[in-house]
K.L.:
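Below you will find the structure I want to go over with you.
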Amino acid sequence: MMGDFDLRGLTRPVIVAPMAGGPSTPALAAAGSNAGGLGFIAAGYLTADALAERIKATRELTSEPIGVNLFAPQPSAGTPEQIAAYAQALAGEAERYGVALGEPRYDDDAWAAKLDVVADLRPEVVSFTFGLPDDDEVKRLRQAGITTVATVTSYDEAEQADGRGVDALAVQGPNAGGHRGTFDPAAAPATQSLEELLDDVVAAMDMPVIAAGGLVTADDVAGVLAAGAVAAQLGTAFLLAEEAGSSDVHRAALQNPEFTETVVTRAFSGRYARGLRNRFVVDHEAQAPFGYPEVHYLTSPVRKASVAAGDPHATNIWAGTGFRAIGPGTVAEIMGRLVP
């Protein structure tokens, strides 16, 4: 049994990507769906109860379909020794911002409880990042009428997802902002271009394929649709939207000419993610170990203090490579620019 919602049916083939940690809000997700696309709620870092509240809040703002993105648990690729050494290297940052470093810990982002929430509240679409649900979990969601989408960053991952029986694939290219969806937390991120990966997956897989990663303009969207994608998924393009929960620090940095490039770093979370190259990345990338989510929890107080201080240099300013081309506006206005 397939999920009830067909991604090929969007009025505007644009998905507002889930952006955990702040930018994704019920208002952003609802506005994406109300504009003819599909808005996503990012479940990452939320409690299961908070996720349920966000789904309900989004439902109050739209009667259109909505999506929820879950982080699939993977074992950590870090050792306690490596993480302790990194904590020592970050002691100066904690002192600079007047905070104690966070307690590094492993958790699975409340995976089972969040699966219960989506099975109960039934958003039309549920996507997965960092890995795949097991066969029974996929079956459970599909029996609830939910369309399942796996985020993949390589052809090998696409084949694994196909074997798991998901309804659709979100193919994420290397220019994506924020975390790479790579299944293996210790693997170097794939470098194959989105264009090539999309061609390979569309040619071989008999299911709808969404294209993601560094898409910010109308030409970008048109290009992936022409290449066979059923929709384009954009995150960075909506970071300056009025409905986004992006911090003032994040918004200002994206528009500040002082920041000229993005870089893939594990300095903030212990997992590869793309953001603006700032002082923290320059100072700590060489010391940063693998170890997600332990490093995420370790650096969290410093990142929060940096934002509170109005300082963009010790927090993650996630952004895709095309961030220079984005602009402010409502989601409806941005959608109108993307799909005129």
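Keep in mind that what you see is a predicted model, and the values were worked out from it rather than measured.
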K.L.:
Suppose clustering is done on Ile, Leu, Val, Met, Phe, Trp and Tyr with side-chain heavy atoms closer than 4.5 Å. Which residues sit in the same group as Tyr272?
P.N.:
Val264, Phe290
K.L.:
Only counting residues at least two apart or in another chain, list the ones meeting ring pair (Phe, Tyr, Trp, His ring centres under 6.0 Å) with Tyr106.
P.N.:
none
K.L.:
Is there a donor in the side chain of His284 and an acceptor in the side chain of Arg266, or the other way round, less than 3.5 Å apart?
P.N.:
no
K.L.:
Once ring pair (Phe, Tyr, Trp, His ring centres under 6.0 Å) is applied, do any residues pair with Phe259, and if so which ones, sequence neighbours excluded?
P.N.:
His313
K.L.:
Any salt bridge (Lys or Arg N to Asp or Glu O under 4.0 Å) involving residues 273-286? Give me the pairs, sequence neighbours left out, ordered by first then second residue.
P.N.:
Glu93-Arg279, Glu261-Arg277, Arg279-Asp283
K.L.:
Between the side chain of Thr148 and the main-chain N/O of Asp167, is any donor-acceptor distance below 3.5 Å?
P.N.:
yes
K.L.:
Please enumerate all residues that pass ring pair (Phe, Tyr, Trp, His ring centres under 6.0 Å) together with Phe323, with sequence neighbours excluded.
P.N.:
none
K.L.:
Enumerate the ring pair (Phe, Tyr, Trp, His ring centres under 6.0 Å) contacts for residues 60-89, please, sequence neighbours excluded, ordered by first and then second residue.
P.N.:
Tyr45-Phe71, Phe71-Phe130
K.L.:
Examine the side chains of Gln192 and Asp200 and answer whether a donor and an acceptor come within less than 3.5 Å of each other.
P.N.:
yes
K.L.:
By side-chain hydrogen bond (donor to acceptor under 3.5 Å, both in side chains), which residues pair with Arg271, not counting sequence neighbours?
P.N.:
none
K.L.:
Flag the pair Trp318 / His250 as yes when their ring centroid distance falls below 6.0 Å, and as no otherwise.
P.N.:
no
K.L.:
I need the full list of ring pair (Phe, Tyr, Trp, His ring centres under 6.0 Å) pairs touching residues 189-239, with sequence neighbours left out, sorted by first then second residue.
P.N.:
none
K.L.:
For Ala29, give me all partners under side chain to side chain contact (heavy atoms under 4.5 Å, CB included), at least two apart in sequence or on another chain.
P.N.:
Ile41, Thr58
K.L.:
Between Asp49 and Lys114 (salt bridge meaning N to carboxylate O under 4.0 Å), is one present in this structure?
P.N.:
no
K.L.:
Would you please name every residue forming a side chain to side chain contact (heavy atoms under 4.5 Å, CB included) with Ser127, sequence neighbours left out?
P.N.:
Phe40, Asn69, Val149
K.L.:
Taking only residues at least two apart or on different chains, which pairs with a member in residues 120-134 satisfy salt bridge (Lys or Arg N to Asp or Glu O under 4.0 Å)?
P.N.:
Arg59-Glu124
K.L.:
With a cutoff of under 4.5 Å between side-chain heavy atoms, which Ile, Leu, Val, Met, Phe, Trp and Tyr residues group with Val282?
P.N.:
none
